[in-house]
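Report on the following structure.
Below, chain A is the first sequence line, B the second, and so on; all start at residue 1.
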Amino acid sequence: MKKGDHLFLVDGSGFIFRAFHALPPLTRKSDGLPVGAVSGFCNMLWKLITNARDTSVGVTPTHFAVIFDYSSKTFRKELFPEYKANRSAPPEELVPQFGLIRQATVAFNLPCIETEGFEADDIIATYARMATEKGGDVTIISSDKDLMQLVRDNVHMYDSMKDKQIGIPDVIEKWGVPPEKMIDLQALTGDSVDNIPGVPGIGPKTAAQLLEEYGDLETLLARAGEIKQAKRRENIIENREKALLSRQLVELRTDVPLDVDLDGLVLEPQDGPKLVAFLKALDFTTLTRRVAEATGTDAAAVEAVEVTTEWGADAHGPDVGEGGAAAAPATARVETTPKAAPVAAAGALTPAALSSARAEAFKGVKIDTEGYETVRDLDALDRWIALARETGLVAFDTETTSLDPMLAELVGFSLAVADNRADATGVSVRACYVPIAHKAGQGDLLGGGLVENQIPLGKALERLKPLLEDAAVLKVAQNLKYDYLLMKRHGVEIAGFDDTMLMSYVLEAGTGSHGMDALSERWLGHTPIAYKDVAGSGKGAVSFDMVDIARATAYAAEDADVTLRLWQVLKPRLVSEQLVTVYERLERPLVPVLARMEERGISVDRQILSRLSGELAQKAAAFEAEIYELAGESFNVGSPKQLGDILFGKMGLPGGAKTKTGQWSTSAQVLEDLAAAGHPLPRKIVDWRQLTKLKSTYTDALPGFIHPQTKRVHTSYSLAATTTGRLSSSEPNLQNIPVRTAEGRKIRTAFIATPGHKLVSADYSQIELRVLAHVAEIPQLTRAFAEGIDIHAMTASEMFGVPVEGMPSEVRRRAKAINFGIIYGISAFGLANQLGIERSEAGDYIKKYFERFPGIRDYMESTKAEAREKGYVETIFGRRAYYPEIRSSNPQVRAFNERAAINAPIQGSAADIIRRAMIRMEGALSDAGLAEQARMLLQVHDELIFEVEDEAVEATLKTVTHTMENAAMPALDMRVPLKVDARAAHNWDEAH
DNA sequence: CCCCAACCGTA
DNA sequence: GTACGGTTGGGGG
C-alpha cells in the first residue's frame with residue numbers, strides 16, 4: 001500500500017443487521033429462504049466495486065476487505081462479563097443469512113476477515129491504522145457510531161444505504177465533539193444496546209458540553225468537584241470507575257494480530273462465472289444479469305452453486321457447504337435463465353394464456369433504461385403522439401414537484417407505446433420522456449433557471465390535450481387519479497383510460513401492495529429505478545425539476561414502459577378471472593369522481609380551530625397540574641411507559657392487561673376500570689388524553705392542510721388501500737373527524753359551507769346490518785327492516801323474549817353489541833370485552849343468537865369454508881378480498897383471518913353500494929338540474945357530504961337520498977330496503 | 001432520521 | 001370481534 005491507494009473496509013456484521021431491518025423482507029422463491037440482507041449486501045458490494053466513484057464516496061478502491069465478528073467471546077467480555085449481555089438472539093430470518101453473506105464475500109473474490117477474540121470494529125481500526133501509516137486513504141463502509149472515533153482527514157465512513165459520506169464535520173455536527181473525543185463521549189453516555197454502563201443521567205448533549213468545558217474524560221474526572229449541577233456532580237464522582245471501564249470497552253484496539261496484511265487486501269478482478277453461480281443460487285435475477293453483462297459471462301451456461309446457511313466457529317474453513325450439522329443446508333435448485341417464450345398469435349390464446357405468456361415473455365427480457373428517448377422538440381413529440389394514435393394505446397405518466405397533486409407542478413411526462421407489428425404478446429415497448437420544466441443550478445435562491453431545449457408547458461399541453469381527451473385512445477396509467485387531478489388543474493380532462501393499480505387491486509385485494517414497484521417485481525420480475533436513487537431521500541432529497549434530464553428520462557420513461565407492460569399482463573387477467581365488471585363498474589369510474597371531490601376540498605374555519613386549540617391547551621394544562629399533584633411528581637403524561645411506572649409502580653395500583661411487549665397497558669379501558677374502582681388519577685389521565693388527542697390530531701393539525709390558494713382542505717382518497725373495498729382518506733384523514741363526544745363534535749363545527757351554501761350530509765342507516773340480512777337471508781331481520789322496526793330492540797326481543805315496548809336500555813345495548821359483533825365475525829372473547837361480562841356469559845349469548853338466527857351461523861360457516869377453499873371471499877357485486885393466511889397453522893392467525901373473511905363481504909358490499917351511489921351521483925344531480933348548485937365533497941364510508949347553494953338544498957336532499965337508496969339497483973334487487981338520512985346545515989356538526 | 005408500539009379518532 | 005390513518009414517545013442505528 002502506498003500514498004494514493006484507497007482501502008475500503010466493509011463492516012459485514014454491522015451491515016447485515018442494518019440491512020435486515022432497513023430493507024423489505026425478501027425470500028428465495030423456490031423455498032422461502034430469507035435473503036433480504038444478503039441481497040442488499042451483494043448489491044452494495046457490486047456497486048462499490050464497479051461504481052464507487054459515482055457514489056458520494058467519490059473514489060475507486062484499490063484495496064478491499066469485508067470484516068466480520070468472529071464470535072461473542074471477545075476481550076471485552078473478559079474485561080466486563082455483562083458486556084453485550086442484554087443482546088437477544090437475532091431474528092430467525094436473519095440467522096441463515098450470516099453464512100450466506102460470508103459466502104457472498106468469497107464469491108465476490110474479496111477477503112473475508114475475522115479474528116478470534118476481537119470484534120469486527122477492532123479489526124477495522126487496526127487496518128485503518130496500518131493503511132494510514134503507509135499514506136493510504138481509508139473508507140469504512142458502516143454508519144455505526146462505535147466506528148466514528150476512527151474518522152480522520154484521510155479516514156472516512158460511508159453509509160451505503162443513504163449514500164452518505166461521514167467525515168470529521170459530520171461527526172461534530174451529530175455528536176458535538178470531534179472524532180477523537182468520541183471515545184470519551186461514549187464512555188460518559190454508555191450504550192444500552194451493548195450494555196456499556198457509562199454515567200447515569202449523562203446523554204450525548206451533556207457529555208459533549210462537559211468535554212467541551214474540561215477537554216477530556218481524565219480532566220473531567222479529576223475536576224468533577226467543580227461541576228455546578230449537584231446531581232450531575234454526584235453522578236460523575238460516584239460513577240468514576242464505571243466511566244473508566246466504559247472507556248476501555250468503547251476504545252477500539254488497533255493492534256489486533258492479523259493473518260492477512262495490507263497487500264493481501266488488493267482488490268482482485270471479479271470472477272464472473274463464480275459470482276454468477278452464487279447469485280443465481282439465490283435467485284437474484286437482476287444482479288445476476290448485471291454481473292453477467294459486466295463480466296461477459298453467459299449466465300445461462302453457468303450452473304447455480306450450492307449454498308449453505310451454515311456458519312459460526314464450526315463452519316470455518318474451506319469446508320463450508322459440506323456441513324451436516326444442526327441445520328440442514330439449504331441447497332439451490334439449478335435453473336436456466338428464462339428466455340422469451342415462443343408465443344402464438346394473440347387470437348389463438350385464451351385470456352389466461354395470453355396473460356401468462358406475456359408475463360413469461362416480459363420476465364425473460366431485460367428492460368434497458370438507457371435506451372429511452374428524450375423528447376426535446378415539438379416534431380419529436382408529434383411523432384410520439386401520432387404513434388399513440390396509430391396504436392390506440394399509450395401509457396402516460398407525469399413527473400412533478402410534489403406527491404400532493406393539488407400542490408404539484410408539472411416537470412415532465414412520459415409516454416410508452418407497444419409496437420403492434422411485433423409479436424402478439426406486445427413485448428416490444430418503446431418509451432420516451434418529455435422534459436418541460438427541469439431547472440439547473442444549486443437550488444439556492446438564484447439557481448433554478450430553466451434548462452434549455454425543453455418544450456414549453458403551454459406548447460406541450462396544447463399537443464397533449466387532444467390526445468388525452470380523446471376517448472378513442474386508451475391511456476394507461478398507474479394510480480391515474482394523481483395524473484388526472486394534476487392534468488385537470490392544467491385544463492385537461494383525461495378520457496378513455498385504464499389504471500394498472502386498480503386492476504391489480506381488483507385482481508388481488510389483500511395480497512399486498514399495488515404500488516408500481518411491487519407490481520413490476522411481481523409480474524415482470526423487474527426492479528424499476530427507485531425514486532430515491534434519482535431524487536435522493538431525507539435531507540438530501542431534491543424535487544424532480546432539479547433532476548438531471550438524462551437520469552429523469554431513464555426513470556420516467558421506465559415508469560411508462562413498466563406501466564404498459566403491466567397493463568398487457570393484467571388486462572387479459574381481468575377477463576380470465578371474470579373481474580372486468582368489478583373493475584369497470586366499481587373502480588375505474590370512481591377515479592374522476594374522487595379527483596373532482598379532492599379538487600373541490602372543503603372549507604374549514606381557521607378561527608374556530610385556533611380558538612378550540614387555545615381552550616384545549618388550557619384545559620389540558622389544568623389536568624396536567626392535577627395529575628402531577630395526585631402523582632406526587634411531574635412526568636410525561638403522554639408516555640404510556642412513564643405513566644405505567646407511576647400508576648403500577650410508584651402508586652401500586654393493581655395492573656390489568658399487559659401489552660404484547662409485556663408492558664402494563666394504560667389503555668382507556670384499563671384506566672376506566674381503575675377509575676370505577678375509586679382511584680382519582682386514572683380518570684384525569686383519560687380526560688387529559690382526550691383533550692390532547694383532539695388538539696394534536698385535529699385542531700392543531702388541520703389548519704396546516706388549508707391550501708394556500710384555494711383556502712380549502714383537500715384530502716386524498718386512496719382507492720386501493722383496503723382489503724374490503726372501502727376507501728381510505730389521508731393528508732388529512734377526513735374519515736375520522738370526531739363525533740362521539742361533545743368536545744370532539746366542536747371540531748366538526750369548523751367544517752363549514754361557503755356563504756350562500758349549506759353542507760348536506762346523507763348517511764346510510766344500518767347499511768351493514770341490512771347487507772347481512774340480505775346475504776344471509778334472515779327472515780326476522782328482513783321483515784324488521786321492511787317495517788322500519790328498531791333492529792336492536794327486535795334482536796333483543798327475539799333473544800331474551802322481552803317485548804319491544806318498555807324494553808330496558810341495558811337489554812337493547814347488549815343486543816346492539818351482539819349485532820355489531822356478528823358483523824365483525826364475533827368471538828366470545830371480544831363480546832365479553834365489549835360488554836364487560838364473563839366470557840362464558842358472552843358465549844351463551846352467541847349460542848342463543850345462533851339458535852334464533854340459524855341463517856347467520858350458516859352464513860358465517862359457509863363464508864369461512866369459501867375463504868379456505870378459494871383463498872378469497874366475495875361481495876354481493878363480485879369484488880374479491882383475499883385472505884391467504886386463513887390456512888395458517890397458527891390458530892390465532894387463522895381465527896383472525898376467519899373473522900376478517902366473515903366481515904369482508906358485509907363491509908365490502910356496503911362499500912360497493914356507496915361507490916355505486918357516488919359514481920351515479922353527478923349524473924343524477926345533473927339530471928335534476930343541480931349540477932351547478934350541488935357538489936359532492938366527502939365520503940365517510942356510509943356518509944356523503946355535499947356543498948349546496950341555499951336554494952337548491954331541498955331538491956338536493958331528495959336527489960341524493962333517492963340515488964343512495966337505489967344504488968344497488970338495477971344490478972341487484974336487495975331483499976332489504978336501503979334507508980338514507982339526510983339533512984342540511986351551515987356546518988358538518990349540525991348537518992350530521 | 002427512521003421505524004415501531006401504544007393509543008385513539010372514525011365507520 | 002372488522003376496516004383504516006395520525007400522533008406521540010421511545011428505541012434503534
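Annotation: W988(A) is in aromatic contact with F751(A) [ring centroid separation under 6.0 Å].
Ion pairing between a basic and an acidic side chain is recognised when a charged N comes within 4.0 Å of a carboxylate O; D170(A) and K164(A) show such pairing. The existence of a salt bridge linking K481(A) and E598(A) is confirmed by a sub-4.0 Å separation between a basic side-chain nitrogen and an acidic carboxylate oxygen. Between R726(A) and E768(A) there is a salt bridge, with a side-chain nitrogen of the basic residue lying less than 4.0 Å from a carboxylate oxygen of the acidic one. Taking a cutoff of 4.0 Å between a charged side-chain nitrogen and a carboxylate oxygen, D144(A) and R18(A) do not qualify as a salt bridge. A salt bridge is absent between E990(A) and R983(A): the closest approach of a Lys/Arg side-chain nitrogen to an acidic carboxylate oxygen does not fall below 4.0 angstrom. Looking at R915(A) and E587(A), a side-chain N of the basic residue comes within less than 4.0 Å of a carboxylate O on the acidic one, giving a salt bridge.
The line from CZ of F896(A) to OG of S827(A) is 11.5 Å long, rounded to the nearest 0.5 Å. Taken to the nearest 0.5 Å, the NZ atom of K695(A) stands 13.5 Å off from the CD atom of E743(A).
Rounded to a whole Å, the CG atom of D942(A) is 13 Å from the C1' atom of dA3(C). Rounded to an integer number of Å, the gap from NZ of K695(A) to P of dT7(C) is 13 Å. The separation between Y824(A) atom OH and dA3(C) atom C1' is 8 Å, rounded to whole Å. Atom C1' of nucleotide dC4(C) and atom CG of L719(A) are separated by 15 Å, given to the nearest angstrom. In this entry the distance linking CG of L734(A) with P of dC4(C) reads 18 Å, nearest Å. Between the CZ atom of R915(A) and the P atom of dA3(C) there is a distance of 16 Å, given to the nearest Å. Following rounding to the nearest Å, L694(A) (CG) and dT7(C) (C1') show an atom-to-atom distance of 12 Å. In this structure, the NE2 atom of H941(A) is 16 Å from the P atom of dT2(C), given to the nearest Å.
On the nucleic acid side, DNA chain B has its first and last nucleotide under 4.0 Å of a heavy atom of chain A at dC1(B) to dA11(B), going 5' to 3'.
Residue-level contact check: R740(A) touches the bases, meaning some heavy atom is under 4.0 Å from a base atom. Within the nucleic acid shown, F896(A) comes within 4.0 Å of sugar-phosphate atoms alone, with no base atom in reach, counting heavy atoms only. Note on G538(A): only backbone sugar-phosphate atoms sit closer than 4.0 angstrom, heavy atoms only; bases stay farther off. Among the heavy atoms of the strands, none lies under 4.0 Å from I823(A). Using a 4.0 Å heavy-atom cutoff across all strands shown, A910(A) reaches no nucleic acid atom at all. Across all strands shown, E731(A) has heavy atoms under 4.0 Å from sugar-phosphate atoms exclusively, and none from any base. Using a 4.0 Å heavy-atom criterion, one finds that T692(A) contacts no nucleic acid atom at all. As judged by a 4.0 angstrom heavy-atom cut-off over every strand, A19(A) is placed among residues making no nucleic acid contact. Nucleic acid contact for A701(A): sugar-phosphate only, since backbone atoms but no base atoms lie under 4.0 Å from a heavy atom of the residue. Counting non-hydrogen atoms under 4.0 angstrom, S827(A) reaches a base of the nucleic acid.
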Test side chain to side chain donor-acceptor pair (under 3.5 Å) applied to D981(A) and S765(A), step by step
CA-CA 7 Å; D981(A) 298 315; S765(A) 159; 4.6 Å; no
Carefully, step by step, assess Q939(A) and M597(A) under the rule side chain to side chain contact (heavy atoms under 4.5 Å, CB included).
CA-CA 9 Å; Q939(A) 189 249 42; M597(A) 290 167 68; 4.3 Å; yes
Its contact letters, B for base, S for sugar-phosphate only and - for none at protein heavy atoms under 4.0 Å, make nucleotides 8-13 of chain C read SSSSSB
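Counting only Watson-Crick or G-U wobble pairs whose defining distances are both under 3.5 Å, the stems of 3 or more consecutive pairs in DNA chain C are B:1-11 with C:2-12.
Under 3.5 Å, the side chains of T666(A) and R689(A) contain a donor-acceptor pair of N or O atoms.
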